[in-house]
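Along the sequence shown, residues are numbered consecutively beginning with 1. All values below were derived from every heavy atom in this structure, side-chain atoms included, with hydrogens, water molecules and symmetry-related copies excluded.
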Amino acid sequence: QVQLVESGGGLVQAGGSLRLACAASADTICASAMNWYRQAPGRERELVATIISDGGTYYPDSVKGRFTISRDNAKNTVYLQMNSLKPEDTAVYYCNAAGPSAMCVMAPFDSWGQGTQVTVSP
């Protein structure tokens, strides 16, 4: 099982920036996709960014142009750069890794981190 640990959350004013990090216990090249989700109180968990094994990315319209997902395979870490933050971005942000990719031979996994709180004040 791949272990994930998020960091970088905190309190920021609207318009500010934060960078979240997700450190993985296994090689990130072994993940077919790494994702960031968020969940606000009373709402369902929603996908905010995906990076797949070939480096392709996906963002929903709600964060497109403001959030950027990236991956440092040498550090086995995935980042989420969040700019122009809005109060509605307030949520617990979770890292998710699913695999394995074609680069690795290992048991299938779908792992989640413990989450990190992001709070954006007006």
Nearest 0.5 Å, please: how far is [atom2] in [Y] from [atom1] in [X]?
| X | Y | atom1 | atom2 | answer |
| --- | --- | --- | --- | --- |
| Arg66 | Thr68 | CZ | OG1 | 11.0 Å |
| Leu85 | Thr119 | CG | OG1 | 10.5 Å |
| Trp36 | Leu20 | CH2 | CG | 4.5 Å |
| Ile52 | Met34 | CD1 | CE | 13.5 Å |
| Phe67 | Ser84 | CZ | OG | 9.5 Å |
| Arg71 | Asn76 | CZ | CG | 10.5 Å |

Which atoms form the tightest heavy-atom contact between [X] and [Y], and what is the distance?
| X | Y | answer |
| --- | --- | --- |
| Ser53 | Ser101 | CB-CB, 4.3 Å |
| Ala49 | Pro60 | N-CD, 4.5 Å |
| Ala24 | Thr28 | CB-CG2, 4.1 Å |
| Asn83 | Ser17 | OD1-OG, 2.9 Å |
| Pro87 | Pro122 | CG-CA, 4.0 Å |
| Ser32 | Gly99 | OG-CA, 3.6 Å |

Looking at [X], I'd like to know if its [atom1] atom is crowded, meaning that more than 12 non-hydrogen atoms belonging to other residues, nucleotides or ligands lie closer than 6.0 Å.
| X | atom1 | value |
| --- | --- | --- |
| Met106 | CE | yes |
| Lys75 | NZ | no |
| Glu88 | CD | yes |

Is there a chain of hydrophobic side chains (I, L, V, M, F, W, Y, each step under 4.5 Å between heavy atoms) that links Val78 to Tyr37? no

Assess the side chains of Thr77 and Asp72: does a donor N or O sit below 3.5 Å from an acceptor N or O? no

Looking only at the side chains, is there a donor atom on one of Asn96 and Asp110 sitting less than 3.5 Å from an acceptor on the other?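 A donor-acceptor contact under 3.5 Å links the two side chains.
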
May I have the step-by-step check of side chain to side chain contact (heavy atoms under 4.5 Å, CB included) for Cys22 and Tyr79, ending in yes or no? CA-CA 6 Å; Cys22 172; Tyr79 301 96; over 6 Å; no

Under the 3.5 angstrom rule, does the side chain of Ser111 hit a backbone N or O of Val2 as a donor-acceptor pair? yes

Taking the side chain from Asp54 and the backbone from Gly56, do they hold a donor-acceptor pair closer than 3.5 Å?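 Checking the backbone N and O of Gly56 against the side chain of Asp54, a donor-acceptor pair under 3.5 Å is found.
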
Does any non-hydrogen side-chain atom of [Y] lie less than 4.5 Å from one of [X]?
| X | Y | answer |
| --- | --- | --- |
| Asp89 | Val118 | no |
| Thr90 | Gln117 | yes |
| Ile69 | Tyr59 | yes |
| Met82 | Val63 | no |
| Glu6 | Gln114 | yes |

Which of parallel (below 30°), tilted (30 to 60°) and perpendicular (above 60°) describes Trp112 and Tyr94? perpendicular

